[in-house]
Structure formats: structure tokens, C-alpha cells
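To keep things clear, I will list the structure first and then write my remarks on it.
In the text below, chain A, chain B and the rest are named by the order of the sequence lines, each starting its count at 1.
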There are 2 protein chains.
Amino acid sequence: MGSKEEAVPVPPWRKTRKPAQIRRQLSQDLIVETGLRVLDAEGLDALSMRRVAQELDTGPASLYAHVANKEELLELVYDRVLGEIRLPERDPSRWKDQLRAYSLEVYRVLNRHADVARAALANIPTGENSLRAGEFVYGLLLEAGMPPGNAALCLDRLSLYLIGDAYEGSVHVSRLRASEMTSPEEYFTAFATQIAGYYRTLPRERFPYLVGHIDDLIAADGEERFRFGLELMLDGIESRMP
Amino acid sequence: MGSKEEAVPVPPWRKTRKPAQIRRQLSQDLIVETGLRVLDAEGLDALSMRRVAQELDTGPASLYAHVANKEELLELVYDRVLGEIRLPERDPSRWKDQLRAYSLEVYRVLNRHADVARAALANIPTGENSLRAGEFVYGLLLEAGMPPGNAALCLDRLSLYLIGDAYEGSVHVSRLRASEMTSPEEYFTAFATQIAGYYRTLPRERFPYLVGHIDDLIAADGEERFRFGLELMLDGIESRMP
DNA sequence: ACCTGAACACCGTTCAAGT
DNA sequence: ACCTGAACACCGTTCAAGT
């Protein structure tokens with residue numbers, strides 16, 4: 001009879017293959033969750049079907065029972081992230097403030113999961129949470145009195161701006177990841193001085209304005225740029241509000 | 001002695017390897033040109049180092065003598081495309097018209113090489129032609145009287161808008177390519193009716209505004225959307241012009 | 001300096017076979 | 001219905017060897 005001692009560890013040369021009856025309990029949610037974890041930790045380039053499967057202790061083929069293909073997985077991950085967007089009660093009398101707050105909320109959510117924007121722009125989102133956000137913005141513009149056609153265009157262009165900016169930001173995040181730097185600030189200053197150094201080597205007679213204003217060109221950081229562009233759009237929208 | 005007849009075709013079982021002396025005459029320009037050709041014909045997904053090498057009748061390793069890696073190749077292809085942008089003489093008294101015309105020119109050039117935008121947004125362009133375009137816009141804004149800091153932000157945001165829109169367009173082009181449709185118009189109507197059909201299945205009580213205005217939401221095509229967003233930005237810029 | 005074949009360490013997806 | 005191993009047809013990049 002065996003003793004009641006602690007179980008002996010499995011010897012390393014034994015391939016501890018679980019019996020076929022104990023199957024992995026996969027599910028779409030689990031796969032999406034795992035995908036997001038890989039995305040957050042190591043970026044879009046690391047997010048492969050094989051990698052997600054590995055993380056779930058199975059082979060890549062197993063995923064295809066729950067997800068049509070990689071594109072669908074990315075869409076699902078993206079919509080999961082959009083679920084983090086918190087929306088207030090609509091108040092059309094304060095439409096501009098609310099649109100600004102909404103945009104900053106999206107900015108923060110997308111930047112929290114840097115690389116997800118790289119997946120977003122490549123697809124036409126029709127997920128639950130994407131619709132929720134769209135309904136909020138579109139409803140706000142209509143209730144504030146904008147004609148439906150113009151409101152549709154405003155929604156479309158604002159969304160493009162939010163995702164486009166996040167995409168650009170994600171490029172920097174993946175460069176930060178690739179470099180050995182730790183803080184975003186360190187990366188930002190390193191990047192800015194690198195650009196500035198390059199600009200200083202340019203022929204002044206061909207690019208007088210760029211070379212002459214290097215410091216102005218690299219002054220603003222990502223969030224300042226985002227806010228400036230956002231105000232450009234909001235002012236443009238305002239001037240089309242009856 | 002051999003006859004003077006027509007040369008006999010090479011038998012298919014003979015591997016007609018050219019003698020090692022006749023080396024391929026590669027060059028960076030040739031590689032970039034070939035890359036662009038593949039991109040235009042079959043899209044970004046088809047543009048691989050191996051494919052370009054194949055097109056040039058050589059192995060993928062040969063490219064690395066002229067190009068650091070795939071990223072550099074994409075940057076070079078992108079800047080080659082930007083070289084097609086034609087710029088007028090700057091006339092600051094007509095800055096808004098000129099900025100509009102410039103934007104439409106960029107729109108057309110980027111859409112002519114659909115997928116190149118997908119390569120652009122992923123990199124920080126420092127090429128010759130990218131600088132040329134930047135100098136034009138920045139100089140125009142400065143000469144029109146805008147303070148350097150604001151002009152830098154306007155340049156940055158306008159560029160993001162142009163590339164972001166082109167990127168979005170390229171997604172549709174690659175879907176058009178994947179489908180069996182021939183004309184962009186056919187694709188656009190198919191896409192619009194598909195979206196409309198999907199929206200009609202949504203629960204009305206949760207998304208009243210979106211479901212209630214389906215036709216307004218899908219009415220505008222790509223260029224209309226682009227122009228609307230452009231005017232939003234130009235108006236915003238104008239209101240910051242002293 | 002430029003070019004090459006072979007190799008390395010990866011991909012997404014399919015398919016027949018299992019439960 | 002769900003899961004699996006093996007295979008297919010691809011990737012980008014490196015490296016030692018050639019000229």
C-alpha cells in the first residue's frame with residue numbers, strides 16, 4: 001500500500017499526458033480573455049493563434065471550434081476592450097462637454113490596451129460595445145438638434161479620429177517595448193531628441209521652416225496632440241450645429 | 001557544326017542555372033519598385049520579402065544586402081509613393097484653399113496605392129518626400145500668420161487625418177480584392193446593404209437612434225466622408241488663425 | 001561588396017481521426 | 001459538438017560560404 005506522504009513530483013522524463021477523457025474546457029470567452037492578456041503583455045505581434053493555444057495548453061487547431069479565424073478573434077478582443085468605456089446619461093444641452101469627455105474616455109481605454117487599436121482600424125466593428133458607443137454619440141448629436149445626415153458624418157469622422165490617434169500611439173508603445181526603456185517619459189524624450197537630431201542634419205535651404213522650428217515641432221506630447229485635434233473637430237462640429 | 005535553325009527550347013528537366021558569373025544586378029531602387037508593384041497588384045499581405053525576391057528571380061537573403069529589413073522596405077515604398085504628390089507655389093493669402101487642395105491630392109495619391117497607408121501609419125516617416133510635404137504645410141501655416149506651436153499641432157493632426165482615412169480606405173480595398181466583385185461601386189452598395197441589413201436586426205429599444213436612421217448612416221461614400229471631415233478640420237484651423 | 005542556399009524559428013489554417 | 005496531431009504552405013532573418 002502507498003504511504004500517506006505528500007505526492008511525489010512527476011519525473012521530468014515522463015510525458016504527463018492527461019488521459020483523453022479529461023478534455024480541456026475551452027470557450028470563446030476564455031480564448032478572448034487569453035488573447036487580450038497576451039496583447040496587453042506583449043503586443044499585437046505576439047498575439048498569434050498558436051500562442052493563445054499554447055497559453056491554454058492545447059494545440060492551435062482547437063481554437064477553431066470556438067472562433068472562425070484570427071480576424072474574428074481580434075474583433076472579439078477589440079469589442080471586449082470597448083466594453084470598458086463608461087457612458088454618462090445623455091444631456092444634449094451639454095453636448096460639447098459630453099462629447100469631449102466621451103472622447104477622452106475612449107482615449108484612455110484604448111491606450112490602456114495599447115495594441116488593440118492596431119486590430120480595430122483593420123476591421124469594420126459591429127460588436128455589441130461598439131454599437132453602444134455609437135448609439136451614445138449619434139443620439140447625443142441628434143438630441144442636440146443636428147440633422148441626421150450631418151450627425152452620421154460627425155460620428156464617422158470622430159470615430160476615425162479616436163481610433164487613428166490610438167493606432168499611432170500603439171506604434172510608439174510597441175517601439176517602447178522593443179527598446180530597453182522602462183518609462184514612457186524616458187522613451188518620449190529619447191524619441192524627441194532623436195527626431196530633433198535628425199532634423200538638425202537636414203539641408204536648411206530646402207526645409208527652412210521645419211529646420212527653423214525644431215523645438216516647436218517636438219514640443220507637444222501625445223495627449224496634448226490628441227486634445228488639440230479633438231478641439232479642432234469639436235469646434236468644426238459646433239459650427240454645424242443649428 | 002550546329003545548324004542556323006531556331007534555338008531549341010531548354011528541356012524541362014534541365015535546371016537552367018545561370019553561371020555564377022552572371023549575377024543578378026540588384027539595387028535598392030529596383031527592390032523598392034518591385035515591392036510597390038506587388039503592393040499595387042495584390043496588396044500588403046502579398047508583399048513579403050520572399051515574394052519580392054521571387055519576383056526578382058533570386059532568394060530572399062539577397063535583399064538584405066540593400067535593405068535592412070522588411071520595415072525599411074515598407075518605409076522606402078511609402079516614401080516613393082509620397083513622391084507622386086504635386087505641390088503648388090505657396091500662397092498664404094489662399095491658405096485654406098491650398099490646404100484643401102493639398103489634402104485632396106494626398107487623398108488621391110494614397111488611394112491610388114491603396115495598401116500603402118497600412119504601411120505608413122505603422123512607421124514614423126522621415127523620408128525625403130514626407131519632409132517635402134511637411135515643409136509645404138508647415139510653411140503655409142506660418143506664412144499665413146499662425147504661431148509656430150499651433151502650426152506644428154495642425155500639421156500633426158492634419159497628417160494623422162489624411163493617413164488614418166487612407167488606412168480605413170485600404171481596408172475596404174483589400175476586402176474588395178478578397179471578394180469576387182469587380183467594380184468599387186458594386187462593392188460599396190453590397191457593403192452598405194449588408195450593414196443596413198445587420199442594423200435592421202438590432203433590438204430597436206436598445207439602439208433606437210442607430211436603427212431609426214439606417215439610411216442616413218450609410219448614405220455617404222468614402223470621398224464624401226473624407227471631405228466632410230476635412231472641412232471640420234479646416235474650419236477648426238481657421239478659427240485658430242489670428 | 002554583393003550574392004547565395006540552407007537552415008532556424010516561427011506563422012494561419014485544414015483535415016482526418018478521435019471522443 | 002468538441003478536441004487533437006500532423007501536415008501544408010507559407011513567413012522574416014541569419015549565417016557560413018562563395019565571388
Side-chain angles (χ1 to χ4, degrees), chain A residues 15-35 38-39 41-78 115 118-119 122-123 174-175 177-178, chain B residues 15-35 38-39 41-78 115 118-119 122-123 174-175 177-178:
Chain A
K15 301 222 173 169
T16 55
R17 201 170 251 105
K18 291 139 197 154
Q21 288 83 342
I22 307 181
R23 310 286 279 281
R24 216 128 315 295
Q25 237 332 87
L26 295 179
S27 73
Q28 196 179 76
D29 273 359
L30 183 61
I31 292 170
V32 171
E33 209 68 42
T34 310
V38 173
L39 187 79
E42 299 176 58
L44 185 65
D45 294 334
L47 175 47
S48 66
M49 300 299 275
R50 292 180 113 99
R51 178 60 194 283
V52 170
Q54 194 194 57
E55 213 80 12
L56 291 169
D57 247 331
T58 181
S62 304
L63 306 182
Y64 288 82
H66 302 90
V67 144
N69 47 35
K70 191 182 179 181
E71 192 182 317
E72 188 179 294
L73 174 57
L74 289 180
E75 272 172 39
L76 290 168
V77 169
Y78 178 59
D115 267 6
R118 265 166 81 195
N123 294 297
S174 71
R175 297 196 166 219
R177 218 194 302 267
Chain B
K15 301 222 172 165
T16 56
R17 203 171 251 105
K18 291 138 199 155
Q21 288 82 342
I22 307 181
R23 309 286 280 281
R24 219 127 316 295
Q25 238 331 89
L26 295 178
S27 74
Q28 196 179 75
D29 273 359
L30 183 61
I31 291 169
V32 171
E33 210 69 41
T34 309
V38 173
L39 187 79
E42 299 178 57
L44 186 63
D45 293 334
L47 174 48
S48 65
M49 299 298 275
R50 292 181 114 100
R51 177 62 194 282
V52 170
Q54 194 193 57
E55 213 80 12
L56 291 169
D57 246 332
T58 182
S62 305
L63 307 182
Y64 288 83
H66 302 92
V67 143
N69 47 37
K70 190 182 180 180
E71 191 181 319
E72 188 179 293
L73 174 58
L74 290 180
E75 274 173 38
L76 291 168
V77 169
Y78 177 58
D115 267 7
R118 263 166 81 196
N123 294 297
S174 72
R175 296 197 168 218
R177 218 193 303 266

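Atom NZ in A/K70 sits about 9 Å away from atom P in C/dC11, given to the nearest Å. One can place OH of A/Y64 at 17 Å from C1' of C/dA16, the figure rounded to the nearest angstrom. Residue B/L56 contributes atom CG, which lies 15 Å from atom C1' of C/dC2 at whole-angstrom precision. Taking atom CG of A/L26 as the reference point, atom C1' of D/dA1 lies 13 Å away to the nearest angstrom. Between the P atom of D/dC10 and the CG atom of B/D45 lies a distance of 14 Å, rounded to the nearest Å. Here the P atom of nucleotide D/dC2 and the CG atom of A/L63 are 14 Å apart, to the nearest Å. Nucleotide D/dC2 holds its P atom 11 Å from the CD atom of A/Q28, rounded to whole Å. Taking atom CD of A/E42 as the reference point, atom P of C/dC10 lies 12 Å away to the nearest angstrom.
Note on B/T58: every side-chain N or O is 4.0 Å or more away from OP1 and OP2 of C/dC3. Proximity of A/H66 to the phosphate of D/dA1: no side-chain N or O atom is located under 4.0 Å from OP1 or OP2.
A heavy-atom distance below 4.5 Å is found between the side chains of A/R177 and A/D115. The side-chain heavy atoms of A/D45 and A/S174, taken from C-beta on, include no pair separated by under 4.5 Å. Side-chain contact check for B/E55 versus B/R51: some heavy-atom pair is nearer than 4.5 Å.
For DNA chain D, the neighbouring residues in residues 47-55 of chain A, judged by any heavy atom under 4.0 Å, are A/R50.
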| Pairing of DNA chain D as dot-bracket, 5' to 3': ( ) intra-strand, [ ] crossing, | other strand, . unpaired, with Watson-Crick or G-U pairs under 3.5 Å? | ||.|||||...|||||.||
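B/L30 contributes atom CG, which lies 5.0 Å from atom CG of B/L56 (distance to the nearest 0.5 angstrom). Atom CZ of A/R50 is separated from atom OG1 of A/T58 by 12.0 Å, given to the nearest 0.5 angstrom. Separation of atoms CG (B/L73) and NZ (B/K70) is listed at 8.5 Å; rounding is to 0.5 Å.
Between A/A65 and A/A61, the residue anchored closer to the 5' end of DNA chain D is A/A65, taking for each the nucleotide with the nearest heavy atom.
With B/V77 as reference, B/L39 is the one residue of B/L44, B/L39, B/V52, B/T34 to meet the side-chain contact (heavy atoms from CB on, under 4.5 Å) rule.
In terms of modelled atom types and a separation under 3.5 Å, the side chain of B/Q28 and the main chain of B/H66 share a donor-acceptor contact.
C/dA9 and D/dC10 have their P atoms separated by 22 Å, with the value rounded to a whole Å.
Of all non-hydrogen atoms in A/S62 and A/L26, the two that sit nearest each other are CB-CD1, 3.8 Å.
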